[in-house]
Amino acid sequence: MTDQVKKTEQEEVRRRSLQTLREMGIEPYPASEYPVDAYTKEIKENFKDGEEPLREVRIAGRIMSRRIMGKASFMELQDSEGRIQVYVSRDDLCPGEDKEFYNVVFKKLLDIGDFIGVEGFVFRTQMGEITVHARKITLLSKSLRPLPIVKMKDGQAYDAFTDPEQRYRRRYVDLVVNKGIKEIFEKRTKIFNSMREYFNSHGYMEVETPILQAIPGGASARPFITHHNALDIPLYMRIADELYLKRLIVGGFDGVYEFSKNFRNEGMDRTHNPEFTCMEIYVAYKDYNWMMSFTERMLEKICLDVNGTTEVQVGDHTISFKAPFPRVTMRQAILDKTGFDIDGKSEQELRDYCKSAGIEVAPSMGKGKLIDEIFGEKCEGSYIQPTFIIDYPIEMSPLTKRHRDNPELTERFELMVNGKELANAYSELNDPIDQYERFVEQMRLADKGDDEAMIIDHDFIRALEYGMPPTSGMGIGMDRLTMLMTGQEAIQEVLFFPQMRPEVKVKKAEDGDAEE
């Protein structure tokens, strides 16, 4: 693809520089190790004025800017931890009579974006900036495309890499040139580590379950379908790992969890990506009341570990993860926000309300989906601070234990934060007969045209028939959690490589050139 696209003038110049370097005997992509022994952040933190002898270092990174000034020059080098100024003196770099490396290689053949290694000592300039004085420079990788480095002219910024579509397509460039992007993904890793530490401290075990499944179970969603050639059967990309994790509880584990890649063949927007990361945990001998307390303590810990405070700023909202969180029943939430009481309502009465309230619904929707639509349209967006919505109608929760005080309800909660669902949890249904009947009801919905209804998983029913202890389970969207903990309002900002439409080459009508 690259060869078919007309190269810019700068790209042509860099390729000529590449050839010249090779003609001079300098390999632009050397195979040997470069033994880095220092990093920019650590150099600055440990520098002490007046310390003798001056510290010798060997650093490596990208050239991000240069100022050529005759016999001496400055450049800015960026490594994985930050940036540092490098001072280059012609006579120190080339102490003998031959000044070709400085006059030709450094000044003319190296470019912004090139990876280099620098050996030298650390000092502070008269302007007060901690700097590495280069004694030797080694080219480690030649950059053939110019980076979109921001330039200012007459108060106007040029070449800023800010277009969201280009940033997401070329995340590798986004990470290099845009400040703060790496920090988002470093925090993402901290979130996972903090959560894993929390679970491990309670003695729960991290496990792995299948991504390719014969039956897409554990959630109401439209799956991706593929085909296994050797077995000659269709397989489904995992939409959830719930049913496999509960099989492990049947098998005798007291607590298991998994960070899973899930796939749902649905729409994409600022909070949905077809491939996403979910964490699910199941703990034996617990219920959803215990899980609420467990979850709010976990989120408080994560927020402190990642941000040093229990508060985060997301857009105009300051969100507090200080436990405990309020608990509101589904019925009360809808009643508070709409004045409509869902208790005891028939499917037709719910459908009539949706029509009168301007809520679009499909003929295939049963009571559960209708209630879900009412809550989603009229209530969900108003819960900014973390709030547990509890006690869902039984039609909405085919895998959940009936409520101990009201058989028309289930012991389920969803955690709402910043107007979106963050976590979903149950007192798990462990009655195999009840579970089978719920699956059958799901199949009736499928017959009505609901392509998100669950399929009966007969092996899971068989597992329950061997006996599963009382169990509480919880799933949490890790991408949405990362959005909250980093103050981002689009899921694409917290995924290294979000799903995008394929790039197409477009012919320019005016000159016949192709562009990406």
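Reckoned from all heavy atoms, side chains included, excluding hydrogens, waters and symmetry mates. This structure is a prediction, so every number in the text was calculated from the model and none was measured.
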TODO: Let me see the working for R402 and S427 under side-chain hydrogen bond (donor to acceptor under 3.5 Å, both in side chains), right down to the final yes or no.
DONE: CA-CA 8 Å; R402 291 177 188 267; S427 293; over 6 Å; no
Next item on the list: Dump the intermediate steps for side chain to side chain contact (heavy atoms under 4.5 Å, CB included) on M237 and I211, then the final yes or no.
Entry: CA-CA 6 Å; M237 301 291 284; I211 293 176; 4.2 Å; yes
Does a sphere of radius 6.0 Å around CZ in F253 hold more than 12 heavy atoms from other residues, nucleotides or ligands, not counting ones at 6.0 Å or beyond? no
### Task
State whether F185 and R188 meet the cation-pi test: NZ (Lys) or CZ (Arg) under 6.0 Å from the six-membered ring centroid, and within 45° of the perpendicular axis.
no
Q: Mark yes or no for whether N430, through its side chain, and M468, through its backbone, hold a donor-acceptor pair below 3.5 Å.
A: yes
Practice prompt. Step through the shown structure and confirm whether more than 12 heavy atoms of other residues, nucleotides or ligands are within 6.0 Å of CZ on R270.
Written response: no
- Message: Check K355 with D352, please: is the shortest side-chain N to carboxylate O separation under 4.0 Å?
- Response: no
(message) Walk me through whether I342 and M330 qualify under side chain to side chain contact (heavy atoms under 4.5 Å, CB included).
(response) CA-CA 9 Å; I342 62 171; M330 168 68 79; 4.2 Å; yes
| message | A quick test of your reading: do over 12 heavy atoms of other residues, nucleotides or ligands sit less than 6.0 Å from CD of E360? | response | no
* Asked: Can the ring centroids of Y204 and Y257 be said to lie less than 6.0 angstrom from one another?
  -> no
Would a 4.5 Å heavy-atom cut-off, applied to side chains only, mark M483 and T271 as touching?
yes
Please test H272 against D269 for side-chain hydrogen bond (donor to acceptor under 3.5 Å, both in side chains), starting from the C-alpha separation and ending with a verdict.
CA-CA 5 Å; H272 294 88; D269 56 31; 2.9 Å; yes
d(S260 OG, I239 CD1) to nearest 0.5 Å is 11.0 Å
Here the gap from F259 atom CZ to M195 atom CE, rounded to the nearest 0.5 Å, amounts to 5.5 Å
Charged N to carboxylate O below 4.0 Å: is that the case for K369 and E373?
no
So the ring-ring contact (aromatic ring centres under 6.0 Å, His included) pairs with at least one residue in residues 306-332 (sequence neighbours excluded) are F325-F388
- Item | Trace of the side-chain hydrogen bond (donor to acceptor under 3.5 Å, both in side chains) decision for N193 with E197 | CA-CA 6 Å; N193 289 344; E197 178 185 80; over 6 Å; no
Quiz item: Considering only heavy atoms from C-beta outward, does the side chain of T295 approach that of M474 to under 4.5 Å?
Solution: yes
Using atom types as modelled and distance alone, determine if a side-chain donor or acceptor of D254 lies under 3.5 Å from a backbone N or O of V283.
no
Value for CE (M64) from CD1 (I84), rounded to nearest 0.5 Å, stands at 15.0 Å
Original post:
Do other residues, nucleotides or ligands put more than 12 heavy atoms under 6.0 Å from Y436 OH?
Top reply: no
Discussion item. Within the structure provided, determine whether K182 and E81 are in side-chain contact (heavy-atom separation under 4.5 Å).
Written reply: no
message = Regarding K301 and D305, does a basic nitrogen lie under 4.0 Å from an acidic carboxylate oxygen?
response = yes
- Are any of the side-chain nitrogens in E266 or R222 under 4.0 Å away from the carboxylate oxygens of its partner? no
Carboxylate-amine/guanidinium contact D163 R167, below 4.0 Å | no
Less than 4.0 angstrom from a charged side-chain N to a carboxylate O is my criterion; do R196 and E206 meet it?
yes
Quick note, ring-ring contact (aromatic ring centres under 6.0 Å, His included) partners involving residues 327-368, not counting sequence neighbours, are F340-Y353
* To do: May I have the step-by-step check of salt bridge (Lys or Arg N to Asp or Glu O under 4.0 Å) for R327 and E296, ending in yes or no?
  => CA-CA 11 Å; R327 305 178 184 191; E296 63 194 2; 3.7 Å; yes
(message) Run the side chain to side chain contact (heavy atoms under 4.5 Å, CB included) test on Q435 and I461 for me, step by step, so that the C-alpha distance in whole Å, both residues' side-chain angles and the decisive distance to 0.1 Å come before the verdict.
(response) CA-CA 7 Å; Q435 181 64 85; I461 297 295; 3.5 Å; yes
In this structure, CD of E380 is separated from CD of E421 (nearest 0.5 Å) by 7.0 Å
Are E280 and K246 close enough for a salt bridge, meaning some N to O gap below 4.0 Å? no
Should M485 and N307 be marked as a side chain to side chain contact (heavy atoms under 4.5 Å, CB included) after you check the CA-CA gap, both sets of side-chain angles, and the distance that decides it?
CA-CA 8 Å; M485 293 298 171; N307 295 311; 4.2 Å; yes
Checklist entry - Hey, do the aromatic rings of H202 and F294 have their centres closer than 6.0 Å? => result yes
query: Does the side chain of E428 pick up a donor-acceptor pair with the side chain of Y288 at under 3.5 Å?
result: no
Heavy-atom nearest pair, E311 first then C303, reads N-SG, 4.1 Å
Verdict with reasoning, D391 to T329, per side-chain hydrogen bond (donor to acceptor under 3.5 Å, both in side chains):
CA-CA 6 Å; D391 300 348; T329 66; 5.9 Å; no
Exercise for review: Kindly confirm or rule out a cation-pi arrangement of R412 over Y392, judged by NZ or CZ under 6.0 Å from the six-membered ring centre and within 45° of its axis?
Suggested key: yes
- Query: Is it true that atom CD1 of I233 has more than 12 heavy atoms of other residues, nucleotides or ligands lying nearer than 6.0 Å?
  - Reply: yes
*Backbone N or O of R145 within a donor-acceptor pair of the S143 side chain at under 3.5 Å?*
yes
To the nearest 0.5 Å, atom CE of M396 lies from atom NZ of K367 at 12.0 Å
| query | Is there side-chain contact between Y383 and K337, with heavy atoms separated by less than 4.5 Å? | reply | yes
### Query
Is it true that atom OH of Y285 has more than 12 heavy atoms of other residues, nucleotides or ligands lying nearer than 6.0 Å?
no
Separation between CE (M205) and CG (L248), nearest 0.5 Å, reads 7.0 Å
*asked:* Less than 4.0 angstrom from a charged side-chain N to a carboxylate O is my criterion; do D287 and R404 meet it?
replied: yes
Atom CD of residue position E208 - does it have more than 12 heavy atoms of other residues, nucleotides or ligands inside 6.0 Å? no
Charged N to carboxylate O below 4.0 Å: is that the case for R444 and E441?
yes
